[in-house]
Structures are given as structure tokens and as C-alpha cells.
Amino acid sequence: MPELPEVETIRSGLEPLLVHKTIADVCIRQAQLRYRIPADLAVCVSGQRITALQRRAKYLLLQVEKGTILIHLGMTGSLRYLSAAQAPERHDHLDFILDKGILRYRDPRRFGLVLWKPATEQGHRLLDKLGPEPLGDAFTSDYLVRKGEGSKRALKSFIMDNHVVVGVGNIYANEALFLARLHPLRPAGGLSQPEWEALHRHIIEVLQKAIKAGGTTIQDFVDGSGKPGYFQQQLLVYGRDKEPCTECGTILQKQVIGQRSSWFCPACQS
DNA sequence: CTTTAAACCTGGTCGC
DNA sequence: TGCGACCAGGTTTAAA
């Protein structure tokens with residue numbers, strides 16, 4: 001479900017509600033996610049104060065005094081703060097019971113994860129090999145030029161690869177390529193310097209605009225208080241096969257690239 | 001090493 | 001109405 005803008009929307013909405021609260025207990029109803037939720041999670045985190053809610057790629061990092069709770073929302077995960085008790089529904093797999101309120105994790109498809117990293121351990125296997133943040137200083141067009149050198153991969157697969165840059169999922173990969181007027185099947189190694197610059201700029205721009213709109217809700221994305229995003233109203237190609245291109249009127253095409261549905265304008269993007 | 005495909009899981013939609 | 005096929009904001013793991 002969530003790409004970077006959706007995770008960032010959740011993070012920024014929840015952080016002020018969570019910081020300074022104390023985790024009283026953890027209630028696990030379904031431990032089997034992408035990885036099993038550690039059975040001793042409650043022991044690890046109970047009694048500790050929350051100091052921050054950070055984000056790395058699409059991971060949420062709930063910082064407490066003695067370590068970090070790693071949370072990933074997979075395709076269908078949501079994380080909501082409830083100020084008053086509310087009966088858990090199907091797929092509400094986990095609750096962090098706070099001194100005031102409840103932080104509730106829901107994930108129908110269970111592609112997400114909740115793991116514990118003690119502060120005593122350096123790094124984490126899921127985080128250590130990730131590429132740069134698209135909205136950070138290390139992500140430059142020169143970096144893309146170097147990284148793309150010699151690669152024959154389809155451009156769309158390339159920019160969705162977490163080793164290249166994190167946070168660019170299927171929606172925003174499609175949108176950024178359209179805005180940069182680049183065909184998703186172009187070999188990554190064949191782009192010119194100005195083409196990389198355009199793509200770099202549009203990846204950043206589309207992510208920033210989506211964050212401003214509170215993310216994109218196609219089916220079930222909701223922010224930390226249960227509200228949907230609004231960026232879907234600004235999507236120019238995602239999900240729009242057989243519709244006319246907003247730039248030139250040509251009918252948009254859909255094609256599966258790297259196992260993911262892809263949409264593009266065959267006239268504008270080359 | 002690079003690239004592609006299968007796998008994880010549930011639920012909604014579409015066509016017959 | 002029922003049922004199977006197909007699709008979905010992601011990522012790891014195995015295989016080519």
C-alpha cells in the first residue's frame with residue numbers, strides 16, 4: 001500500500017502523538033507477518049518511553065529508550081493511534097498499549113513486519129544495504145548517472161530498486177517517468193546526462209507533492225488518524241490505461257514490466 | 001555480479 | 001448467486 005509519501009504522512013502525523021508516551025504493554029494477536037513478531041517484544045519494550053518516530057526508506061523506526069522498533073507496512077499495512085480503547089477488528093495484529101492510548105497495527109496481507117533492534121546492536125540487515133533517500137543530499141543526478149552506467153535494466157525497474165534509491169514504488173515510478181518524458185523500458189545505461197537530470201528532478205518533485213497531499217489512497221491507505229490521502233486526484237498515468245494522455249491526447253498504454261503494471265504515454269515518453 | 005521470476009497472503013473485482 | 005481467474009501502494013529469496 002504505502003510508498004515513501006504514505007509512510008512519511010503516517011510518520012509526521014503520529015510522531016507528535018507518540019513522543020513522550022510510555023509503552024505499557026504489547027498485545028500480539030497474530031505474530032506471523034513477513035517475519036514472525038518476536039515473542040518477547042513486550043519484554044523488550046515495556047516500560048520504555050518513546051523518543052521519536054523516524055523513517056528510513058519505507059520503514060518506520062519507533063525509537064524507545066533501549067532500542068528501535070522496526071515497522072514496515074508491506075502492501076496493506078496501517079498504523080493508527082487510538083486515544084480511546086476500540087475493539088480490534090480482523091487483521092488488527094498488534095497493539096502497543098501506551099500510558100495514554102493505543103498504537104494499532106493492521107495488515108490484511110501480512111507482507112509487513114514488526115521487529116526489535118536493541119540499541120546495543122549496530123545496523124540491521126534490512127537497513128544496511130539500502131540506497132540513498134530520494135529527498136536527501138546523497139541522491140543527485142550524478143549519482144544516478146554513475147549507478148546506471150552499463151545497466152541494461154528497464155529504467156522503471158531500475159528506479160524501483162531499493163539498492164539504487166529507496167521509497168520509489170509503483171505509483172510514483174510511473175508518474176516520475178511520465179513527467180520526465182522517459183519510456184519505462186529504456187535501458188538504464190542509455191540515458192543522457194540531461195535525461196537523468198530530468199528524471200532526478202521529477203522523482204523528487206512528485207514525492208514532495210504527494211507528501212503535501214497526504215499520500216495516495218487507491219484502496220486502503222489511511223494516515224495515523226485513519227484519514228485517506230488526496231494525491232490520487234493528481235495521478236497522470238497510474239491506473240489510467242485506455243484514457244487519453246493529459247499532454248497530447250494519445251491513449252495511454254498498460255504493460256507489465258518487471259512483474260509490475262506500468263502505464264505510459266507511447267507518444268510523450270521515449 | 002546482474003537480472004528475472006517465484007513466493008509470501010488476503011480480499012476485491014470481473015467474466016462466465 | 002457462485003466460482004475461478006486475476007489483480008493489488010512491497011520485498012526477499014532462489015534461480016537463470
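The sequence lines fix the lettering, A, B, ..., with proteins before strands; numbering per chain opens at 1.
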Check every atom of B/dT4, B/dT10, C/dA8 against the side chain of A/Arg153 and return the nucleotide holding the closest atom.
B/dT4
Nearest-angstrom distance, P atom, B/dC9 to C/dC3:
24 Å
Could you go over nucleotides 13-16 of chain C and give all protein N or O partners under 3.5 Å, atom names and distances?
none

So, is A/Ser261 close to the C/dA8 phosphate, meaning a side-chain N or O under 4.0 Å from OP1 or OP2?
yes
Applying a 4.0 Å non-hydrogen cut-off, can you work out what A/Asn162 is touching in the nucleic acid: base, sugar-phosphate, or nothing?
sugar-phosphate
Distance-only donor-acceptor test (3.5 Å): side chain A/Arg109, base B/dC9:
yes
Could you check whether the side chain of A/Gln219 and the base of C/dA8 have a donor-acceptor pair of N or O atoms closer than 3.5 Å, going by distance alone?
no
Looking for any heavy atom pair under 4.0 Å, which part of the strands does A/Tyr59 touch: base, sugar-phosphate only, or nothing?
sugar-phosphate
Rounded distance (Å) that lies between atom C1' of B/dC9 and atom CZ of A/Arg90
11 Å
Would you verify whether the NZ or CZ of A/Arg125 falls within 45 degrees of the ring axis of A/Tyr35 while also being under 6.0 Å from that six-membered ring's centre?
yes
Which nucleotide in the set C/dA8, C/dG10, B/dT10 lies at the smallest distance from any side-chain heavy atom of A/Trp263?
C/dA8
Are OP1 or OP2 of C/dG10 and a side-chain N or O of A/Arg34 less than 4.0 angstrom apart?
no
Whole angstrom is fine here: how far is it from NE2 in A/His91 over to P in C/dA8?
20 Å
A/Leu79 CG to C/dG10 P: how many Å, rounded?
18 Å
Spacing of A/Ile171 atom CD1 and A/Ile218 atom CD1 [to the nearest 0.5 Å]
4.5 Å
Rounded to the nearest angstrom, tell me the gap between atom CG in A/Asp220 and atom C1' in C/dC7.
13 Å
Please report the distance separating the P of C/dC6 from the corresponding atom of B/dA6, rounded so that it comes out in whole Å.
14 Å
Remember a base hit wins even if backbone is also touched, and classify A/Arg106 as base, sugar-phosphate or nothing at under 4.0 Å, heavy atoms.
nothing
Tell me whether A/Leu14 shares a hydrophobic cluster with A/Leu73, the cluster being built from Ile, Leu, Val, Met, Phe, Trp, Tyr side chains joined at under 4.5 Å.
yes
Please tell me if A/His72 has a side-chain N or O lying less than 4.0 Å from either OP1 or OP2 of C/dT11.
yes
Just N and O in the side chain of A/Ser151: are any of them under 4.0 Å from OP1 or OP2 of B/dT3?
yes
Evaluate salt bridge (Lys or Arg N to Asp or Glu O under 4.0 Å) for A/Asp92 paired with A/Arg106, printing each intermediate quantity in order.
CA-CA 4 Å; A/Asp92 287 343; A/Arg106 173 184 300 185; 2.5 Å; yes
Tell me whether the OP1 or OP2 atom of C/dC7 has a side-chain N or O from A/Arg260 closer than 4.0 Å.
no
Below the 4.0 Å mark, does C/dT11 have OP1 or OP2 next to a side-chain nitrogen or oxygen of A/Lys58?
yes
Of the listed nucleotides (C/dA8, C/dT12, B/dT10), which one gets closest to any side-chain atom of A/Arg110?
B/dT10
Partner nucleotide, any strand, of B/dG15 [Watson-Crick/G-U, under 3.5 Å]:
C/dC3
Tell me whether A/Met160 shares a hydrophobic cluster with A/Ile203, the cluster being built from Ile, Leu, Val, Met, Phe, Trp, Tyr side chains joined at under 4.5 Å.
no
Measure from the side-chain heavy atoms of A/Glu3 and tell me the nearest of C/dT12, B/dA6, C/dG10.
C/dG10
Roughly how far, to the nearest 0.5 Å, is the CG atom of A/Leu17 from the NZ atom of A/Lys100?
9.5 Å
Taking 4.0 Å as the cut-off, does a side-chain nitrogen or oxygen of A/His163 come that near to OP1 or OP2 on B/dT2?
no
Report the C-alpha separation of A/Arg146 and A/Glu149 in whole Å, then their side-chain angles, then the decisive distance to 0.1 Å, and conclude whether the salt bridge (Lys or Arg N to Asp or Glu O under 4.0 Å) test is met.
CA-CA 5 Å; A/Arg146 269 184 284 115; A/Glu149 247 166 37; over 6 Å; no
Here's a test of your reading of the structure: between A/Leu130 and A/Asn170, which maps to the more 5' nucleotide of DNA chain C?
A/Asn170
For A/Gln32 and B/dA7, what is the distance between atoms CD and P respectively, to the nearest whole Å?
18 Å
B/dC8 base stacked by A/Phe111? Criteria: ring centres under 5.5 Å, plane angle under 30°.
yes
Is it true that A/Phe158 and A/Trp196 have ring centroids separated by less than 6.0 Å?
yes
Could you give the CG-to-P distance, from A/Leu73 to B/dT10, as a whole number of Å?
18 Å
When the distance from CD of A/Gln259 to C1' of C/dC7 is rounded to whole Å, what number comes out?
14 Å
Just to be sure I understand the rule, does A/Tyr172 reach a base, reach only the sugar-phosphate, or reach nothing, if contact means heavy atoms closer than 4.0 Å?
nothing
A/Lys152 side-chain proximity, nearest of B/dT3, C/dT12, C/dG10:
B/dT3
For A/Asp161 and B/dT2, give me the distance from atom CG to atom C1', rounded to whole Å.
10 Å
Would you mind reporting whether A/Gln193 and A/Val145 have side-chain heavy atoms less than 4.5 Å apart?
yes
A/Leu33 CG to A/Leu113 CG distance, which is reported to the nearest 0.5 Å:
7.5 Å
